[in-house]
Q: 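Just dropping this structure here.
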Amino acid sequence: MLTAKSILKELPASFPVELELGGTKYQILSVLRFLAGRRIVLHASNESGEFVLKLFAAQGKGQQEYQRELKAHQHCSQADIAVAPILQHADDQQGISFIIYAFLPKAVTLNALSEETFPLTVLFDLFGRCHQNQCYQQDPHLDNFVFSNNTLYLLDLASVVCPKKPLKMTTCLNNLARLMAQFPLEQQEWLLNGLPAYFAARNMVLDPMVEQQLLGKIKKARDYRQAHYLKKQFRSCTMTRYRKSLMLEAALRGNLSVSLADQPLTVLNQAMQDGISLKKGNSATVVKRELAGQQVVIKRYNMKTPWHFLRRCLRKSRANVSWYNANLLEFLGIATPQPLGFVEQRFFGLRHKAYFICEYIAGRSLSDLSDSEIQQPQMLQQISDLFEQLHLHHIYHGDLKATNWLVDNQQKIWLIDLDAMQQITKPGFKRLHKQDQQRFLRNWPVGETRHLLTKAIKA
């Protein structure tokens with residue numbers, strides 16, 4: 001049986017596992033959130049039903065979060081803001097403080113809802129009531145709000161701030177901007193439709209000057225959120241297991257973090273030998289292989305010569321860059337195979353071979369499609385949309401040949417081969433975007449297909 005203190009330090013290899021807490025035994029079904037050594041949120045059950053267990057280290061930041069959680073729960077309950085009921089809590093039980101919450105039936109996070117079913121006005125009304133009652137969720141990502149029995153609940157109360165005096169409008173707008181930055185940039189106009197509900201909840205009228213001020217704050221919040229998300233991919237968190245030493249650097253997701261935990265380089269070298277070859281080259285070798293119960297693509301970046309090693313050993317590996325860029329595209333909502341991890345072999349800190357791992361998607365490259373297939377309106381629209389997204393987010397791919405566009409069996413396009421990609425935040429993007437367009441069009445000779453593609457990507 002696990003102890004509460006041990007699970008807070010290191011996750012078990014598999015579930016369910018048994019845990020005793022406050023004199024009661026629970027079956028831990030899954031981890032909902034995890035911050036090693038500080039706090040963990042668990043989905044649990046026993047003969048009495050289902051629960052959410054939230055464990056905190058009983059010192060330092062963990063204990064501060066425990067106290068904030070209780071304070072915010074009391075504040076929100078008194079202000080009639082929906083929060084899950086607390087069934088039990090205890091302070092410092094053998095190094096752990098804990099809160100046991102009732103499990104909300106059929107709860108769905110806002111992140112799981114489509115635009116058509118999204119309760120936009122309900123969310124903005126909730127924010128308005130929070131601000132009116134002198135509190136706000138300072139970490140307003142969409143998994144911190146759930147719908148259950150037609151009620152919108154506020155989660156992660158340790159991140160809810162409850163000052164003793166009324167909130168300044170600047171504070172409220174900053175908080176609204178952080179909320180709106182959770183949504184894709186393409187949805188911004190739709191989001192603005194929710195603002196009247198926010199101001200109505202505060203008995204106020206939306207001022208156009210305030211709306212303009214808010215738009216500027218949203219841009220800053222988007223930039224911050226992206227930087228924070230990408231930084232998380234290089235440290236251990238709920239999504240990613242990360243480690244770095246003089247001999248190895250690795251970031252791995254999901255089941256791969258378990259299957260590659262002990263000897264990642266040995267497992268990957270064997271996978272390269274046993275896998276189905278997709279590409280053989282001096283600088284990179286690509287195979288398809290099953291790892292941790294799923295089909296993956298492994299791309300190994302090779303050191304071709306001693307001189308090549310000397311040139312590359314102090315720079316970020318292309319596997320590292322691919323991991324970063326794939327996470328960036330995934331964050332922005334641009335279709336790319338899901339990144340699953342990267343591993344760098346090192347010799348006393350100097351980089352050597354490196355591996356990038358992503359999900360395998362069955363399909364063909366755009367170069368394998370016939371002219372009639374490419375000329376289909378839905379295909380041209382997808383290509384147009386992808387270029388528009390790249391332009392909107394200032395993404396320069398750097399190698400947009402047709403073989404780097406993967407078309408799956410449902411005719412969806414995925415962007416691959418990201419080790420030359422950059423997000424350009426300085427002047428000069430317009431020229432580089434034009435280079436991407438020109439490189440893409442060079443895949444087809446002058447004719448009807450090229451003409452239609454030119455119209456699509458320059459619309």
Side-chain angles (χ1 to χ4, degrees), residues 170 173-174 176-178 180-192 208-209 211-234 311-312 314-336 339 342 356 366 380-405 413-444 450 453-459:
T170 299
L173 292 181
N174 285 336
L176 266 181
R178 290 193 70 178
M180 297 173 77
Q182 309 298 313
F183 295 81
L185 187 56
E186 306 90 271
Q187 289 186 314
Q188 183 161 290
E189 288 301 317
W190 168 74
L191 273 179
L192 294 176
M209 294 289 289
E211 184 173 353
Q212 286 303 309
Q213 186 180 357
L214 177 62
L215 291 175
K217 291 180 179 293
I218 294 171
K219 170 65 169 64
K220 290 181 180 179
R222 286 189 191 283
D223 292 344
Y224 172 83
R225 181 171 176 262
Q226 176 183 301
H228 178 69
Y229 177 85
L230 293 173
K231 202 172 182 180
K232 283 173 62 177
Q233 308 314 314
F234 293 88
R311 285 193 298 113
R312 299 288 317 186
L314 294 176
R315 297 161 57 185
K316 286 183 179 179
S317 70
R318 288 184 291 164
N320 181 307
V321 173
S322 294
W323 168 252
Y324 178 95
N325 285 334
N327 276 283
L328 172 61
L329 292 191
E330 188 177 55
F331 175 82
L332 296 175
I334 298 174
T336 193
F342 84 94
F356 172 64
L366 204 58
L380 292 171
Q381 186 61 53
Q382 277 196 82
I383 294 169
S384 176
D385 290 345
L386 258 170
F387 269 98
E388 187 176 340
Q389 285 181 297
L390 295 176
H391 183 268
L392 184 65
H393 296 290
H394 281 219
I395 300 292
Y396 168 61
H397 185 276
D399 191 17
L400 277 184
K401 54 191 177 187
T403 51
N404 286 334
W405 299 66
I413 297 178
W414 305 76
L415 208 53
I416 60 174
D417 201 1
L418 310 178
D419 50 51
M421 195 186 92
Q422 302 175 62
Q423 187 173 40
I424 308 298
T425 56
K426 57 188 177 183
F429 171 71
K430 186 175 181 180
R431 173 180 57 83
L432 292 173
H433 184 65
K434 189 173 183 179
Q435 287 182 13
D436 265 350
Q437 291 175 320
Q438 291 170 342
R439 178 66 186 91
F440 176 73
L441 292 172
R442 286 203 302 272
N443 291 283
W444 293 272
R450 183 165 176 169
L453 288 170
T454 302
K455 286 178 62 179
I457 69 175
K458 295 183 177 180

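Scope of the values below: all heavy atoms of this structure, side chains included, with no hydrogens, waters or symmetry mates.
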Q: How many angstroms lie between CG in L392 and CZ in F387, if you round to the nearest 0.5 Å?
A: 14.5 Å
Q: Is a side-chain N or O of Q437 found less than 3.5 angstrom from the main chain of I457, in a donor-acceptor match?
A: yes
Q: Side chains of I395 and I424: does their closest heavy-atom pair fall under 4.5 Å?
A: no
Q: Evaluate R222 against H393 for side-chain contact (heavy atoms from CB on, under 4.5 Å), listing each step before the verdict.
A: CA-CA 11 Å; R222 286 189 191 283; H393 296 290; over 6 Å; no
Q: What residues form a side chain to side chain donor-acceptor pair (under 3.5 Å) with W444, not counting sequence neighbours?
A: none
Q: Are the side chain of T336 and the backbone N or O of L415 linked by a donor-acceptor pair below 3.5 Å?
A: yes
Q: Do L215 and Q212 touch side chain to side chain, with heavy atoms closer than 4.5 Å?
A: yes
Q: Looking at every heavy atom in both F429 and L390, which two are closest together, and how far apart are they?
A: CZ-O, 3.7 Å
Q: Under the criterion side-chain contact (heavy atoms from CB on, under 4.5 Å), I'd like the reasoning laid out for F342 against F234: C-alpha separation, chi angles, the key distance, then a yes or no.
A: CA-CA 10 Å; F342 84 94; F234 293 88; 3.8 Å; yes
Q: Report the residues that fulfil side chain to side chain contact (heavy atoms under 4.5 Å, CB included) with A177, sequence neighbours left out, ordered by chain and then residue number.
A: L214, K217, I218, A221
Q: Give me the ring orientation class for W190 and F183: parallel if the planes are under 30° apart, tilted from 30 to 60°, perpendicular past 60°.
A: perpendicular
Q: Taking N443 for the side chain and A402 for the main chain, is one N or O donor matched with an acceptor at less than 3.5 Å?
A: yes
Q: Among all residues two or more places apart in sequence or in another chain, which pass the side chain to side chain donor-acceptor pair (under 3.5 Å) test with Q213?
A: none
Q: Compile the donor-acceptor pairs under 3.5 Å between side chains in residues 320-334 and protein atoms, sequence neighbours left out, one pair per line.
A:
unit_1	atom_1	unit_2	atom_2	d
S322	OG	Y301	OH	3.1
S322	OG	R318	O	2.9
W323	NE1	Q233	O	3.2
N325	ND2	V321	O	3.4
N325	ND2	L418	O	2.8
N325	ND2	M421	O	3.0
N327	OD1	R253	NH2	2.5
N327	ND2	W323	O	2.8
E330	OE1	R253	NH1	3.2
E330	OE1	R253	NH2	2.8

Q: Can you sort out the partners of A420 under side chain to side chain contact (heavy atoms under 4.5 Å, CB included), two or more places apart, ordered by chain and number?
A: none
Q: For K220, give me all partners under salt bridge (charged side-chain N to carboxylate O under 4.0 Å, His left out), at least two apart in sequence or on another chain.
A: none
Q: Kindly write out the residues that satisfy salt bridge (charged side-chain N to carboxylate O under 4.0 Å, His left out) with D436, not counting sequence neighbours, or none if the list is empty.
A: none
Q: Among residues at least two apart in sequence or on other chains, which ones pass side chain to side chain donor-acceptor pair (under 3.5 Å) with Q382?
A: none
Q: Could you name each residue pair satisfying side chain to side chain donor-acceptor pair (under 3.5 Å) that touches residues 420-434, not counting sequence neighbours?
A: Q226-Q423
Q: Could you go through the side-chain contact (heavy atoms from CB on, under 4.5 Å) check for W405 and I416 one step at a time?
A: CA-CA 6 Å; W405 299 66; I416 60 174; over 6 Å; no
Q: What residues, two or more places apart in sequence or in another chain, satisfy side chain to side chain contact (heavy atoms under 4.5 Å, CB included) together with D385?
A: Q381, E388
Q: Is the closest side-chain heavy-atom distance between P339 and F356 below 4.5 Å?
A: yes
Q: Is any side-chain heavy atom of I383 closer than 4.5 Å to a side-chain heavy atom of L366?
A: yes
Q: Sort and list the pairs that fulfil salt bridge (Lys or Arg N to Asp or Glu O under 4.0 Å) and have at least one residue in residues 389-405, not counting sequence neighbours.
A: D399-K401
Q: Going by the angle between their ring planes, with limits at 30° and 60°, are H394 and H391 parallel, tilted or perpendicular?
A: tilted
Q: Within the structure provided, determine whether M180 and Q188 are in side-chain contact (heavy-atom separation under 4.5 Å).
A: no
Q: Got a sec, which residues hit side chain to side chain contact (heavy atoms under 4.5 Å, CB included) with R442, two or more places apart in sequence or on another chain?
A: Q438, R439
